[in-house]
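Take a look at the structure set out below.
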Amino acid sequence: MSITAAPPRNELVERVTRLQPLLRAHALWTEENRRLHPESIEALTDAGVFRMRVPARYGGLESDAATMVAVGAAVGQGESSTAWNVGVWFTCTWMACMFADEVQDEVFATPDVRVCGVLSPTAVAEPRNGGYVVNGSWHFVSGALHSQWQVIVAMAPAPDGVQQMPVLAMVPMADLEIQDDWRTAGLRGTGSVTTVANDVFVPAARVLPVPLVLQEQYASQLNAASPVFRAPLMPVGCASFVGSAVGIARSAMDNFLERLPGRKITYTDYESQRHAPLTHLQLAQASLLIDEADFHARRIADLLDGKDASGDSWTIEERVRTRASTGRAFQLVKSAVDILNTASGGSSVFSTVPMQRIERDVQTMNLHALMHPNTTAEVYGRVLCDLAPNTPFI
């Protein structure tokens, strides 16, 4: 592939914004079929979304965090499962760029490649013949049904030969089995199935020790000079998802305002809901909560882009605050959607009304271990109390 000039941020956002009616039109199909609609994938591909976190030498855009947050928000304003999977692909495609350059040559040989993954080390990797044989499974693999590669995590012997350590590995989806077990209350359309490795051989070049990854000791030489690809994993992951959450809240607001004209409040004298002072308060409060979530999203992106540009090292406080800001953004989004859902009345429970789906999707997002508001706040509070964080994932 040849190096191409990246379009301006506003152009990428405009491209995705034009796709929102399409994403919304496929939302019910996406939920009922527990996967993204093929037309949604095709449209996002044409818009360049899947090249945003790809190195320029492969025809990628190397988009910065602010662009990623803005585009994620535009996708989220269309459909939430699509937005969640885009966040996964942002993160895991970027993770592929940590690996040795010859591994990237394999991965990015597929135009607009999509890489999924999880960080739980629920498999075992045994050294064998210049690589590892992996056995195990991984749950909650969002986007697996539409991906060509997966970043897996497994436990392997540490250099001392006695202890075990987690390792990352790049594995083609064709080498993995899929268990179609994704039947959930929310984010049904993400197709976050279980993937299984049965005696899968992974060459050593496609393996990275997680402890080195968490210290930003990556294997790529050609990406070492690129600000986008020398950042810490966790802040990148936070920026990859947080914009989508803001967009999903905006989608809830769009849906509420679209249904507002002509809606009355049953069993009251209000023939129009928009005349009720309660509605005014609900809309104002939800709008302000969404604005506050957007503040956290933009602050995360600004910090990440600023660090990338300056090359300054990250402090522990900055790392944990980034995770805490992500959890707070998701919490604020949930609060806003709760208000709008409560104000939407009994007619909103029909599956054809987006509000009930958005409510369930946002509830599910807030339960994710890396975004959980309680967990992220506790880690931040520990550091503010001058205690060590109780997780390496910062």
Side-chain angles (χ1 to χ4, degrees), residues 13-47 49-50 70-90 114 116 140 142-147 180 182-193 241-260 263 286 290 293 330 333-334 336-368:
V13 173
E14 286 176 11
R15 290 180 191 177
V16 176
T17 300
R18 289 195 294 269
L19 301 181
Q20 289 171 1
L22 174 71
L23 300 179
R24 290 170 179 168
H26 290 317
L28 185 57
W29 186 99
T30 294
E31 176 160 83
E32 291 178 343
N33 289 273
R34 297 175 296 116
R35 66 187 65 213
L36 303 192
H37 195 283
E39 290 183 0
S40 299
I41 294 288
E42 182 180 358
L44 292 168
T45 301
D46 292 342
V49 171
F50 302 132
V71 169
V75 178
Q77 202 161 351
E79 198 279 315
S80 47
S81 285
T82 307
W84 182 265
N85 279 2
V86 165
V88 170
W89 289 321
F90 278 159
R114 292 179 293 277
C116 61
F140 302 99
S142 300
L145 302 176
H146 308 285
S147 298
D180 187 11
W182 187 246
R183 301 181 185 277
T184 57
L187 291 179
R188 293 176 184 171
T190 61
S192 303
V193 295
F241 283 96
V242 71
S244 299
V246 175
I248 292 164
R250 290 174 180 160
S251 178
M253 180 66 78
D254 291 344
N255 180 245
F256 183 86
L257 293 174
E258 181 182 344
R259 300 180 68 240
L260 181 60
R263 288 198 70 243
I290 296 169
F330 275 78
V333 163
K334 181 179 181 297
V337 172
D338 285 345
I339 291 169
L340 295 169
N341 182 57
T342 298
S344 292
S347 61
S348 68
V349 301
F350 286 94
S351 60
T352 52
V353 178
M355 189 64 73
Q356 51 77 35
R357 170 177 48 79
I358 295 170
E359 169 79 8
R360 290 184 284 107
D361 289 347
V362 167
Q363 169 68 22
T364 302
M365 291 176 186
N366 272 262
L367 297 176
H368 192 283

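Every heavy atom of this structure was used, including side-chain atoms; hydrogens, water molecules and symmetry mates were not.
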Distance from [X] atom [atom1] to [Y] atom [atom2], nearest 0.5 Å?
X: His146; Y: Thr45; atom1: NE2; atom2: OG1; answer: 11.0 Å
X: Leu187; Y: Phe140; atom1: CG; atom2: CZ; answer: 11.0 Å
X: Trp182; Y: Ser192; atom1: CH2; atom2: OG; answer: 4.0 Å
X: Leu36; Y: Leu44; atom1: CG; atom2: CG; answer: 8.0 Å
X: Met355; Y: Phe350; atom1: CE; atom2: CZ; answer: 15.5 Å
X: Thr30; Y: Arg24; atom1: OG1; atom2: CZ; answer: 13.5 Å

If you measure only the distance, is there a donor-acceptor pair under 3.5 Å linking the side chains of [X] and [Y]?
X: Thr190; Y: Arg35; value: no
X: Asp254; Y: Gln77; value: yes
X: Trp89; Y: Ser147; value: yes
X: Ser244; Y: Trp84; value: no

Minimum-distance pair of heavy atoms, taken over all atoms of [X] and [Y]:
X: Val362; Y: Lys334; result: CG1-CA, 3.4 Å
X: Ala74; Y: Thr17; result: CB-OG1, 4.0 Å
X: Pro354; Y: Asn255; result: CD-ND2, 3.3 Å
X: Ser251; Y: Gly76; result: CB-O, 3.8 Å
X: Leu22; Y: Ala43; result: CD2-CB, 3.5 Å
X: Ser344; Y: Arg259; result: O-NH1, 3.4 Å

* Go through Leu28 and Thr352 one step at a time and tell me if the side chain to side chain contact (heavy atoms under 4.5 Å, CB included) criterion holds. => CA-CA 7 Å; Leu28 185 57; Thr352 52; 4.2 Å; yes
* **Intermediate values then yes/no, side chain to side chain contact (heavy atoms under 4.5 Å, CB included), Phe90 and Val88** => CA-CA 5 Å; Phe90 278 159; Val88 170; over 6 Å; no
* Asked: Would Thr184 and Arg34 satisfy side chain to side chain contact (heavy atoms under 4.5 Å, CB included), going step by step from the backbone distance to the final call?
  -> CA-CA 9 Å; Thr184 57; Arg34 297 175 296 116; over 6 Å; no
* Derivation and outcome, side chain to side chain contact (heavy atoms under 4.5 Å, CB included), residues Ser347 and Arg263 -> CA-CA 10 Å; Ser347 61; Arg263 288 198 70 243; 4.0 Å; yes
* Under 3.5 Å, is there a donor-acceptor pair between the side chain of Asn341 and the main chain of Val337? ->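 Between the backbone of Val337 and the side chain of Asn341 there is no qualifying donor-acceptor contact (under 3.5 Å).
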* Would you please name every residue forming a side-chain hydrogen bond (donor to acceptor under 3.5 Å, both in side chains) with Asn85, sequence neighbours left out? =>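 Testing Asn85 for side-chain hydrogen bond (donor to acceptor under 3.5 Å, both in side chains), a comparison that skips the adjacent residues, returns none.
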* Would Asp361 and Arg188 pass as an ion pair if we require N to O under 4.0 Å? ->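 A salt bridge is absent here (no side-chain N lies under 4.0 Å from a carboxylate O).
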* Any idea how His37 and His26 line up, ring-wise: parallel (<30°), tilted (30 to 60°), or perpendicular (>60°)? ->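 Because their plane-to-plane angle is under 30°, the rings of His37 and His26 count as parallel.
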* To do: Please tell me if the side chains of Arg114 and Ile41 come closer than 4.5 Å, counting only heavy atoms from C-beta onward.
  =>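 In short, these two side chains touch, coming nearer than 4.5 Å.
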* Asked: Are Ile290 and Val333 side-chain neighbours, meaning at least one heavy-atom pair lies under 4.5 Å?
  ->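 No, every pair of side-chain atoms sits at 4.5 Å or beyond.
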* **Within residues 70-90 or reaching into it, pairs that qualify as salt bridge (charged side-chain N to carboxylate O under 4.0 Å, His left out) - sequence neighbours excluded** =>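 Applying salt bridge (charged side-chain N to carboxylate O under 4.0 Å, His left out) to every pair that reaches into residues 70-90, excluding sequence neighbours, yields Glu79-Arg357.
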